[in-house]
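Here's the structure, in structure tokens; my notes come after.
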Amino acid sequence: MKDKTKFHNLKNDYDNYQKTILNNGITIITNKVSQYTSFALGVFINAGSRDDSPNTSGTAHFVEHLIFRKSKKYNSKQIANKFEEFGAYTNAYTTQEITCFYVRALKPHIKKSINLLLEIVLNPDFNETDTNIERKIILEEIKSYEDDIEENISDIGDKLLFGNHSLGNPILGSINSIKSITIQNLNDFHKKFYNPSNIIISIVGDIEHHKLCEYIETQLNTFELNKKYKNERIIPTIGPVQKQIVIKHIQQSHILLLHQIPDINSPERYSIGIMNTILGDGMSSRLYQNIRDKFGFAYSIYSSVQLYSDIGVLSIYAAMDYEKLQIIKDLIIKEVNKLKNISQKELNRAKEQYITGITLDNESLSSIMQNLAKTEFTNGKYEPIQSIYQNILTIESADIINSAKKYIIEKDFFELSMIPKNNKHK
């Protein structure tokens, strides 16, 4: 049957990609977008929670927090004032595999933004007072995550799936690990991972690549950069399938099913993405229509895909009344196994939804800036948006069915149930 998807002639205006590796080893990636008067700038570190030491989980995230506390030149108030005096928005985040510091501002302030961001990221000053204040803030952040059931069950699910591998540790760390982290731990982490071969600077806006590279290299000469270090990670090995029940003071019951899938570089990544769209991403997905909409058993039910550099995870989450826990689990498995059949109409709808998500993501300067760096870290090359569209459009129902059979149909899932304390579990 002919593919009726409407995206064959899509062209993206953001494919003005350029890349330079400076003499000191730092990679600069830019994408020129002439119609904008603002820019997005990010400094990315190829280090995240999976790079924490076993006894000090949360170190990568702790360092991210402290970066904004004090540099060799400025204290936290001065850092905030200097960004905001030219109207810049700045923030940061830590994931399992990267740490990102970013700025959004108007074009005339790009050099100021570069100078200030490089100063705080490469030249921090960790001290006892700031460390103890930030420690308290992170401990409160951990408590807030533990009160958020979807966040909490996700962290516990990672531990169930990955076991003692560092991907099983929460990004924030634990209360005990955060209390034990010392300034020496923080300085050691920064010195090890915040080095030229581990850094990408990504910029999207109406900018000139070579001029920016020259300017950044000149600015970097004022910093004492660490020696090059290649971050080599241990690939996780998934053990036998396990089940776990957690009892908490909550009203609803929650279930999380997990299964290993290929990593972000797999040629199957797009067919798996569309499979996830059909299964549980959105209001027209099978999980939503055939469980939530049909029976009204769950308010929240969906599937999601997390792709790392060396492994991937498909997860299915639902929240429901305790009495419906087993029923919903059975219905979920039924829908998973029904992926043996996918109609052309359903495939076309999922493709359109999937491509639309990618398109919308690539209409944000911040998203483009982040995607460029993440792609560089994971496979070292940039895939033009038109190429992504074409790869998606070539996928057929048989490709999705084959992926589903290979990874999730008739397979045992890691299973985590979280139930109210006043219910006895079976």
Side-chain angles (χ1 to χ4, degrees), residues 14 16-34 36-47 63-64 66-94 98-125 190 193-226 364-374 376-377 382:
Y14 305 136
N16 300 311
Y17 164 84
Q18 288 184 279
K19 169 184 169 182
T20 296
I21 300 176
L22 302 181
N23 292 326
N24 58 31
I26 287 179
T27 299
I28 311 291
I29 301 172
T30 67
N31 208 335
K32 184 178 177 63
V33 186
S34 301
Y36 285 85
T37 57
S38 65
F39 66 87
L41 160 70
V43 176
F44 293 80
I45 315 301
N46 188 27
V63 169
E64 175 227 306
L66 276 178
I67 290 291
F68 288 92
R69 274 280 168 188
K70 194 174 187 297
S71 76
K72 295 294 194 300
K73 288 185 178 180
Y74 310 118
N75 60 35
S76 60
K77 186 175 181 180
Q78 290 171 323
I79 291 169
N81 286 342
K82 283 186 173 295
F83 275 119
E84 293 183 357
E85 71 185 8
F86 57 88
Y89 172 79
T90 184
N91 212 331
Y93 62 84
T94 304
I98 66 166
T99 306
C100 169
F101 303 87
Y102 63 94
V103 176
R104 285 298 313 274
L106 299 182
K107 182 180 175 181
H109 306 302
I110 190 165
K111 289 185 177 180
K112 291 180 183 177
S113 299
I114 290 170
N115 294 347
L116 192 50
L117 201 57
L118 291 178
E119 167 63 23
I120 66 172
V121 172
L122 300 179
N123 209 23
D125 182 10
H190 187 275
F193 293 107
Y194 284 58
N195 71 82
S197 58
N198 236 27
I199 295 174
I200 290 174
I201 299 174
S202 179
I203 311 170
V204 178
D206 186 15
I207 43 86
E208 298 298 330
H209 176 82
H210 294 295
K211 288 183 179 179
L212 274 182
C213 288
E214 290 174 2
Y215 181 78
I216 291 171
E217 189 155 41
T218 300
Q219 296 306 305
L220 288 172
N221 289 334
T222 64
F223 297 100
E224 184 179 342
L225 297 174
N226 299 324
S364 159
L365 295 189
S366 293
S367 294
I368 300 167
M369 174 266 291
Q370 294 176 62
N371 290 338
L372 289 174
K374 291 173 184 176
E376 180 67 25
F377 275 141
Y382 171 64

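Numbers for residues simply follow the sequence, beginning at 1.
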Subject >> With K112 via side chain to side chain contact (heavy atoms under 4.5 Å, CB included) - residues at least two apart >> reply: F86, H109
Original post:
Knowing that exactly one of H209, E208, Q18 qualifies, which makes a side chain to side chain donor-acceptor pair (under 3.5 Å) with K32?
Top reply: E208
Original post:
Minimum heavy-atom separation for I199 to Y194, with atom names?
Top reply: CD1-C, 4.0 Å
Original post:
What residues form a side chain to side chain donor-acceptor pair (under 3.5 Å) with N91, not counting sequence neighbours?
Top reply: Y89
Subject >> Partners meeting side chain to side chain contact (heavy atoms under 4.5 Å, CB included) with K107 (sequence neighbours left out) >> reply: D206
Original post:
Of the non-hydrogen atoms in Y102 and T90, which two are nearest, and what is the gap between them?
Top reply: O-OG1, 2.9 Å
Original post:
Heavy-atom distance under 4.5 Å between the side chains of L365 and V33, does that happen here?
Top reply: yes
Original post:
How far apart are the closest heavy atoms of V63 and H190, and which atoms are they?
Top reply: CG1-CD2, 4.3 Å
Original post:
Is NZ or CZ of K111 both nearer than 6.0 Å to the six-membered ring centre of Y215 and within 45° of the ring axis?
Top reply: yes
Original post:
Looking at residues at least two apart in the chain, or sitting in another chain, which of them share a side chain to side chain contact (heavy atoms under 4.5 Å, CB included) with A92?
Top reply: E64, F68, F101
Original post:
Do you know which two heavy atoms are closest between I79 and I120, and how far apart they sit?
Top reply: CD1-CG2, 3.7 Å
Subject >> Whether Q370 side chain and S366 backbone form a donor-acceptor pair below 3.5 Å >> reply: yes
Subject >> Under 3.5 Å donor-acceptor, N16 side chain and N31 backbone >> reply: no
Original post:
Under a 4.0 Å N-O cut-off, is there an ion pair linking E119 with K72?
Top reply: no
Original post:
What residues, two or more places apart in sequence or in another chain, satisfy side chain to side chain contact (heavy atoms under 4.5 Å, CB included) together with E217?
Top reply: L22, N23
Subject >> With sequence neighbours excluded, residues passing salt bridge (charged side-chain N to carboxylate O under 4.0 Å, His left out) with K70 >> reply: D125
**OP:** Find out whether I201 and L41 are in side-chain contact, i.e. whether some heavy atom of one side chain is under 4.5 Å from a heavy atom of the other.
**Re:** yes
